[in-house]
Amino acid sequence: MPAPPRTGPARALVTGATAGIGAAFARRLAADGRHLVLVARDGDRLAGLAAELAERHQVRVDILPADLTTDDGCLAVERRLAESAEPIELLVNSAGISLARSFLRSTVEDEARLLRLNVHAVMRLTLAALATMTVRRDGAVINVSSVAGFGAVMPGSTYSASKAWVTNFSESVGQSARRYGVRVMALCPGFTRTEFHQRAGINVSKMPDWLWLSADDVVAEALRDLGKGRLVSVPDWKYKAAVFGLRHAPRGLLRAVGGDTRARVGRDER
Ligand SMILES: NC(=O)c1ccc[n+]([C@@H]2O[C@H](COP(=O)([O-])OP(=O)(O)OC[C@H]3O[C@@H](n4cnc5c(N)ncnc54)[C@H](OP(=O)(O)O)[C@@H]3O)[C@@H](O)[C@H]2O)c1
């Protein structure tokens with residue numbers, strides 16, 4: 001099917017744009033001259049960031065407040081992704097959460113909320129984006145996953161399992177989308193300084209400084225890897241080494257390291 005002609009400027013849509021890695025994507029893409037659509041729940045914070053980026057970089061920045069754990073929130077973003085007048089050429093699914101407690105002490109409500117945001121929303125928005133991108137034969141999706149998805153290093157946590165899904169899903173869909181000229185990539189950062197751990201109530205005070213990445217560096221490496229056509233991006237050499245270990249080390253050793261990690265990040269998994 002021939003690609004429909006573009007009738008307006010292309011832009012990027014970033015979820016989780018008010019903080020952390022999503023905000024770093026928004027800043028970098030605006031600095032690169034991209035028009036943006038920013039999604040998160042906090043409308044005031046979205047509006048503040050949009051005004052700042054529009055003024056500093058002379059780009060158009062629209063905001064779309066939405067709670068992506070809800071059907072209405074996902075539907076609003078799906079509708080925007082389907083608009084052909086101002087097509088979305090890059091979707092970044094960055095919104096995501098973790099929980100600070102063991103599955104053994106969790107609730108259905110909390111676990112369902114995590115899965116709705118980390119898995120269900122990512123599936124829905126990727127599907128909506130690919131519907132138009134594959135017809136236009138142009139576009140890319142970055143799904144923010146995690147190094148945690150490569151192994152059960154946080155025993156009792158559904159977070160790692162949700163990120164294993166995001167990485168596997170993105171790598172798989174990325175192979176199907178390639179033949180349409182569309183890229184899908186899983187971005188798998190390690191510990192990154194954002195609001196993430198504080199929001200979840202995870203105590204990271206014992207984590208050594210050298211383990212931390214900056215959100216700006218994560219985004220720069222992600223965009224480089226997307227340009228190279230990678231299906232999975234793991235920023236920073238120390239986390240590349242960690243992923244190699246997680247993929248190839250004996251499971252018993254990983255379980256022992258997992259227990260140690262759990263102690264250092266102050267989780268109560270007993
Ligand atoms: N930080 C790390 O160490 C790390 C490591 C590996 C992977 N990651 C992944 O990186 C991604 C971004 O995390 P981050 O570290 O940047 O976290 P963050 O600083 O806490 O930012 C999370 C963003 O998601 C938005 N959000 C949260 N719940 C939402 C909902 N229900 N609907 C819509 N938006 C929602 C938040 O805005 P509102 O509150 O305004 O909605 C915020 O903009 C996540 O997928 C996370 O799993 C993080």
Side-chain angles (χ1 to χ4, degrees), residues 13-28 36-50 63-78 92-100 109-110 112-122 124-126 142-151 153-154 157-167 169-170 186-204 207 211-219 221-222 232-236 238-239 242-243 246 261 265:
L13 186 149
V14 181
T15 76
T18 49
I21 295 170
F25 265 109
R27 290 180 194 286
R28 165 65 193 268
L36 295 172
V37 180
L38 305 181
V39 179
R41 289 166 305 176
D42 186 334
D44 289 344
R45 218 171 156 189
L46 280 174
L49 179 63
I63 63 168
L64 180 41
D67 181 345
L68 295 173
T69 63
T70 67
D71 283 332
D72 284 351
C74 286
L75 197 58
V77 183
E78 285 169 340
V92 180
N93 279 310
S94 188
I97 50 167
S98 187
L99 300 171
E109 290 74 22
D110 282 347
R113 190 164 45 90
L114 181 145
L115 289 175
R116 287 193 73 86
L117 185 62
N118 293 11
V119 172
H120 185 249
V122 171
R124 281 183 68 159
L125 302 193
T126 302
I142 298 176
N143 289 327
V144 184
S145 186
S146 172
V147 158
F150 288 102
V153 287
M154 289 196 261
S157 164
T158 41
Y159 177 75
S160 308
S162 76
K163 293 304 183 179
W165 185 91
V166 174
T167 303
F169 164 74
S170 306
L187 167 60
C188 305
F191 286 102
T192 308
R193 287 204 191 280
T194 67
E195 299 173 13
F196 180 79
H197 300 94
Q198 190 194 357
R199 281 173 186 251
I202 299 171
N203 176 8
V204 286
M207 295 295 294
L211 270 182
W212 289 97
L213 305 176
S214 86
D216 289 344
D217 290 346
V218 166
V219 167
E221 195 156 341
V232 178
S233 169
V234 180
D236 196 88
K238 51 184 174 285
Y239 285 107
V243 166
L246 285 166
T261 307
V265 299

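Reckoned from all heavy atoms, side chains included, excluding hydrogens, waters and symmetry mates. All ligand and atom numbering here is 1-based and tracks the order in the structure. Each residue takes its place number in the sequence, starting with 1.
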Using a 4.0 Å heavy-atom cut-off, say whether Ala121 meets ligand 1 through its side chain, its backbone, both or neither.
neither

Give yes if a backbone or side-chain nitrogen or oxygen of Gly16 is under 3.5 Å from a nitrogen or oxygen of ligand 1, and no if not.
yes

Quick check on Gly73 - does any of its heavy atoms sit under 4.0 Å from an atom of ligand 1?
no

Contact check, side chains of Arg41 and Thr18, non-hydrogen atoms, under 4.5 Å
no

For atom 6 (C) of ligand 1, what is the closest protein heavy atom, and at what distance to 0.1 Å?
Pro189 O, 3.3 Å

Between Trp212 and His197, what is the ring plane arrangement, given parallel below 30°, perpendicular above 60°, and tilted in between?
perpendicular

Per-atom contacts of ligand 1 with Ala95, taking only distances under 4.0 Å to non-hydrogen atoms
24 (O), 34 (N), 35 (C), 45 (O)

Of all the atoms in ligand 1, which lie at a distance below 4.0 Å from a heavy atom belonging to Phe191?
3 (O)

Determine whether any heavy atom of Gly190 lies closer than 4.0 Å to an atom of ligand 1.
yes

What atoms in ligand 1 come closer than 4.0 Å to a heavy atom of Val144?
9 (C), 10 (O), 11 (C), 45 (O)

What's the shortest distance from atom 19 (O) of ligand 1 to any protein heavy atom, and which residue and atom give it?
Glu195 N, 3.0 Å

Which ligand 1 atoms are under 4.0 Å away from a heavy-atom of Ala17?
43 (O)

What part of Ser98 sits under 4.0 Å from ligand 1 if we count only heavy atoms: the side chain, the backbone, both or neither?
neither

For ligand 1, which atoms have a heavy atom of Thr18 less than 4.0 angstrom away?
36 (C), 37 (O), 38 (P), 40 (O), 42 (C), 43 (O)

Smallest heavy-atom separation, Leu115 atom then Ser162 atom, equals CD2-CB, 4.3 Å

Is Gln198 close enough to touch ligand 1? Criterion: a residue heavy atom under 4.0 Å from a ligand atom.
no

Give yes if a backbone or side-chain nitrogen or oxygen of Asp42 is under 3.5 Å from a nitrogen or oxygen of ligand 1, and no if not.
yes

When you check the gap from the basic side-chain N to the acidic O, do Arg116 and Asp71 get nearer than 4.0 Å?
yes

With heavy-atom distances below 4.5 Å as the criterion, would you say the side chains of Leu213 and Lys238 are in contact?
yes

Protein contact to atom 31 (N) of ligand 1 [nearest heavy atom, distance to 0.1 Å]
Asp67 OD1, 2.9 Å

Geometry only, no angles: is Val147 polar-contacting ligand 1 at N/O separations under 3.5 Å?
no

Any idea which protein heavy atom is nearest atom 17 (O) of ligand 1, and the distance to it?
Phe196 CB, 3.5 Å

Before signing off on this row, confirm whether Thr194 and ligand 1 have an N or O atom pair separated by under 3.5 Å.
yes

Proximity winner for atom 22 (C) of ligand 1, if only heavy atoms of Gly96, Gly22, Gly20 are counted:
Gly96

Nearest heavy atom to atom 38 (P) of ligand 1: which of Arg113, Lys163, Arg41 does it belong to?
Arg41

Any N or O of Leu117 closer than 3.5 Å to N or O of ligand 1:
no

If we only count heavy atoms from C-beta on, is the Leu75 to Arg124 side-chain gap below 4.5 Å?
yes

Give the residue, atom name and distance (to 0.1 Å) of the protein heavy atom nearest atom 21 (O) of ligand 1.
Ala19 CB, 3.7 Å

Measuring only between side-chain heavy atoms, which start at C-beta, is Val243 closer than 4.5 Å to Cys188?
no

Starting from atom 48 (C) of ligand 1, find the nearest protein heavy-atom neighbour and note its residue, name and distance.
Ile21 CD1, 4.0 Å

Test side chain to side chain contact (heavy atoms under 4.5 Å, CB included) applied to Tyr159 and Ile202, step by step
CA-CA 13 Å; Tyr159 177 75; Ile202 299 171; over 6 Å; no

If we set the cut-off at 4.0 Å for heavy atoms, which region of Ser145 has an atom near ligand 1: side chain, backbone, both, or neither?
backbone

What is the closest protein heavy atom to atom 47 (O) of ligand 1, and at what distance does it sit?
Tyr159 OH, 2.6 Å

What one should report as the nearest heavy-atom pair of Leu246 and Gly151 is CD2-CA, 4.4 Å

Taking heavy atoms and a distance under 4.0 Å, where does Arg199 meet ligand 1: side chain, backbone, both or neither?
side chain

Residue, atom and distance of the protein heavy atom nearest atom 12 (C) of ligand 1 read Ser94 O, 3.0 Å

Heavy-atom side-chain proximity of Ser233 to Val218 below 4.5 angstrom
no

Could you check Lys163 against Asn118 for side chain to side chain contact (heavy atoms under 4.5 Å, CB included), going step by step and ending with a plain yes or no?
CA-CA 7 Å; Lys163 293 304 183 179; Asn118 293 11; 4.2 Å; yes

With a 4.0 Å heavy-atom cut-off (strictly under), which part of His197 contacts ligand 1: side chain, backbone, both or neither?
side chain

Does Thr15 come within less than 4.0 angstrom of ligand 1, counting non-hydrogen atoms of the residue?
no

Under 3.5 Å, N or O to N or O, is Leu68 touching ligand 1 that way?
yes

Go through Ile21 and Thr194 one step at a time and tell me if the side chain to side chain contact (heavy atoms under 4.5 Å, CB included) criterion holds.
CA-CA 7 Å; Ile21 295 170; Thr194 67; 4.1 Å; yes

